[in-house]
Amino acid sequence: MNDCTTDQIKATLDHGFKRLAFPDASLEKQYQRFFFDHYFRAALFPLIVGLAFYLGFILADSLIIPQLLDKSILLRSTIAIPGALFLCLLKWGPHTRWQYIMATIVLCLINASIVFLGYWAAKQGQHYYQSGTLLVIMLGCTLARLPFMYALISTTLMILSYGLIIGIPQASPPDIFMNNLFIFFGVAFFGLVSNYQVNYGLRRSYLQSLLLNAENQSLYQEKQRFEHISHMDQLTSLYNRRFLDERYPELWQQAFNDSSNLSVLMIDIDRFKEFNDLAGHHKGDEILVEVATTLKESVRSSTDLLARYGGEEFILICPNTTLDHAMMLGEKLRRQVYNQTIAHPAGGMLSISIGVASTIPSDLERREQEHLQKIADQALYQAKLNGRNRVESVDP
Ligand SMILES: Nc1nc2c(ncn2[C@@H]2O[C@H](COP(=O)(O)OP(=O)(O)OP(=O)(O)O)[C@@H](O)[C@H]2O)c(=O)[nH]1
């Protein structure tokens, strides 16, 4: 993206721009690059066909001016062959204004060769060739896809060369010359107006596409933000139950594929009702956040999934973790919370109880997945029965 803000782009679109240039220099530079890569370079194929067409006129030369055929073949191939080679080089060449200058020179040389042929033919009494300039003017203004300034320069040079080569030596009768000149001016005017309009429209479309991109990007970011919010528990900033329900089957599937252990730890704050009753709900909320933060800091966030299961209960899913390791982790978490030495208003320190279950998934049944959580819940119940502030497990 450029340094230009969407507001600046909107302002440029609303107020327009003068002389086919954006007021912002970096935007202008970026557009120039876009124009060259996606518009100017894309004109190569029709231009090469145009050159082949120009070369094909040797056939007409053999009928109209057979006595000048040698000259025509030499002239046309000296211009068409290097011209085509140059156009091919454009395809891979870097973006510099020399590319436009060279394209302008090729167009002017084509025109000059036609005017010279016209000059020689006029000496033989033939004036058909002079209208060839019309085609080249149109080519320069439209198909060549030149920026307006280059189209203007090439068109001016083409008309000038016609005047110098045919007009001054009076190769054609004055009425034919004047008639042609008049038509060339008319065609140049229409061609240049259309070139200007196309270039202006192209710039507007470019700005609109930038705006659209920026809007799409901000919509995408908003979507990501909403998705993130919808997956988070507002109070504790842990994942919520909805995210757990989405992610748990994926972790199960992964463990099933790898034939590895998946462990579930159900974590519950002990005597929390009493805590709330004695210290107040607000203080209870603060403690919930504190415990959640301690748990979060103690687990591997890259692989383990820690979520608020509901109320004062948390769940930790650990992929690739055996029951022994899960028990050790549970013990570590229990100690971390206890060592925080949060005083319980009813006496003693605040603690947590943890129920652990682990299995290597043998199928993908939803019932099986829920079963592992139920077992961990039973283990938690067991920990409460055995006096709280403990870690218990039950074999699934
Ligand atoms: N402050 C606060 N309390 C909550 C929140 N969610 C649930 N609780 C409370 O947590 C308490 C849970 O109590 P119980 O399920 O009876 O369990 P307990 O008192 O912790 O007892 P044991 O689990 O047996 O140790 C209830 O009083 C709920 O109101 C919350 O978001 N904030």
Side-chain angles (χ1 to χ4, degrees), residues 225-248 263-299 301 304-318 321 323 326-358 369-396:
R225 202 171 65 82
F226 280 125
E227 237 168 55
H228 181 72
I229 290 172
S230 77
H231 286 153
M232 302 311 280
D233 172 58
Q234 299 241 325
L235 179 69
T236 59
S237 301
L238 294 184
Y239 287 118
N240 59 18
R241 186 75 180 261
R242 180 206 298 230
F243 185 71
L244 171 79
D245 290 346
E246 276 176 34
R247 188 81 182 105
Y248 181 54
S263 294
V264 174
L265 288 84
M266 286 293 204
I267 306 162
D268 189 272
I269 304 179
D270 296 327
R271 298 181 296 141
F272 199 56
K273 181 176 178 334
E274 223 178 338
F275 190 103
N276 268 333
D277 291 347
L278 296 174
H281 214 267
H282 185 68
K283 183 71 188 161
D285 278 356
E286 280 177 21
I287 295 306
L288 261 177
V289 175
E290 217 167 309
V291 171
T293 311
T294 308
L295 295 176
K296 203 166 159 180
E297 284 166 358
S298 313
V299 300
S301 54
D304 298 347
L305 169 64
L306 176 66
R308 187 177 178 193
Y309 197 66
E312 37 40 293
E313 205 172 344
F314 305 94
I315 186 168
L316 177 62
I317 315 280
C318 303
T321 307
L323 183 62
M327 288 294 285
M328 281 195 282
L329 175 61
E331 188 53 37
K332 180 179 127 190
L333 296 177
R334 184 199 65 75
R335 236 180 304 118
Q336 303 268 38
V337 173
Y338 195 72
N339 290 346
Q340 270 188 307
T341 59
I342 301 167
H344 195 291
M349 294 304 155
L350 187 92
S351 61
I352 55 172
S353 295
I354 302 177
V356 185
S358 184
Q369 302 178 22
E370 283 165 3
H371 182 65
L372 188 65
Q373 290 187 12
K374 272 194 200 128
I375 299 288
D377 219 21
Q378 280 173 22
L380 173 64
Y381 181 69
Q382 201 61 48
K384 296 275 181 184
L385 277 185
N386 291 346
R388 300 185 175 85
N389 191 21
R390 3 178 356 105
V391 184
E392 294 284 352
S393 70
V394 169
D395 251 342

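We're numbering straight along the sequence, starting at 1. Whatever order the structure lists them in is the order used to number ligands and atoms, beginning at 1.
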Legend entry - R271: numbered ligand 1 atoms lying under 4.0 Å from its heavy atoms: 18 (P), 19 (O), 20 (O), 21 (O), 22 (P), 25 (O)
Legend entry - ligand 1 N/O within reach of E274 N/O, cut-off under 3.5 Å: no
Inset, instruction - For R334 and N389, test the side chains for any donor-to-acceptor distance below 3.5 angstrom and give the result as yes or no. - result: yes
Legend entry - Non-hydrogen atoms of H228 and M232 that approach each other most closely: O-CG, 3.0 Å
Legend entry - Shortest protein contact, atom 29 (O) of ligand 1 (heavy atom only): N276 ND2, 4.1 Å
Inset, instruction - Could you tell me whether some N/O pair between I269 and ligand 1 is separated by less than 3.5 angstrom? - result: yes
Inset, instruction - Heavy-atom distances under 4.0 Å are what count here, so tell me which part of K384 touches ligand 1: side chain, backbone, both or neither. - result: side chain
Legend entry - D277: partners by salt bridge (charged side-chain N to carboxylate O under 4.0 Å, His left out), with sequence neighbours left out: K273
Inset, instruction - Using heavy-atom distances, let me know which of E313, K283, K273, R308 sits nearest atom 5 (C) of ligand 1. - result: R308
Inset, instruction - Answer with yes or no whether the side chains of S353 and D268 bring together a donor and an acceptor at under 3.5 Å. - result: no
Inset, instruction - Take the angle between the ring planes of F243 and H231 and call it parallel below 30°, perpendicular above 60°, tilted in between. - result: tilted
Legend entry - Check: Y309/R241 side-chain N/O donor and acceptor closer than 3.5 Å: yes
Inset, instruction - For ligand 1, note which part of R388 has a heavy atom under 4.0 Å away: side chain, backbone, both or neither. - result: side chain
Inset, instruction - Can you pull out the closest protein heavy atom to atom 18 (P) of ligand 1? Residue, atom name and distance to 0.1 Å, please. - result: F272 N, 3.4 Å
Legend entry - Shortest protein heavy-atom distance from atom 6 (N) of ligand 1, along with the residue and atom involved: G311 CA, 3.1 Å
Inset, instruction - Would you mind listing which atoms of ligand 1 come within a distance below 4.0 Å of any non-hydrogen atom of G284? - result: 1 (N)
Legend entry - Option whose closest heavy atom lies nearest to atom 32 (N) of ligand 1, chosen from N389, D285, L380, I287: D285
Legend entry - Close N or O approach (L288, ligand 1; < 3.5 Å): no
Inset, instruction - Kindly indicate whether the side chain of I354, heavy atoms from C-beta on, has any atom under 4.5 Å from the side chain of M327. - result: no
Inset, instruction - Among all protein heavy atoms, pick out the one at the shortest distance from atom 15 (O) of ligand 1; state its residue, atom name and that distance to 0.1 Å. - result: E312 OE2, 4.0 Å
Legend entry - Nearest heavy-atom neighbours spanning G284 and F272: O-CZ, 3.2 Å
Legend entry - Residue that, paired with D233, satisfies salt bridge (Lys or Arg N to Asp or Glu O under 4.0 Å) out of K296, R308, R242: R308
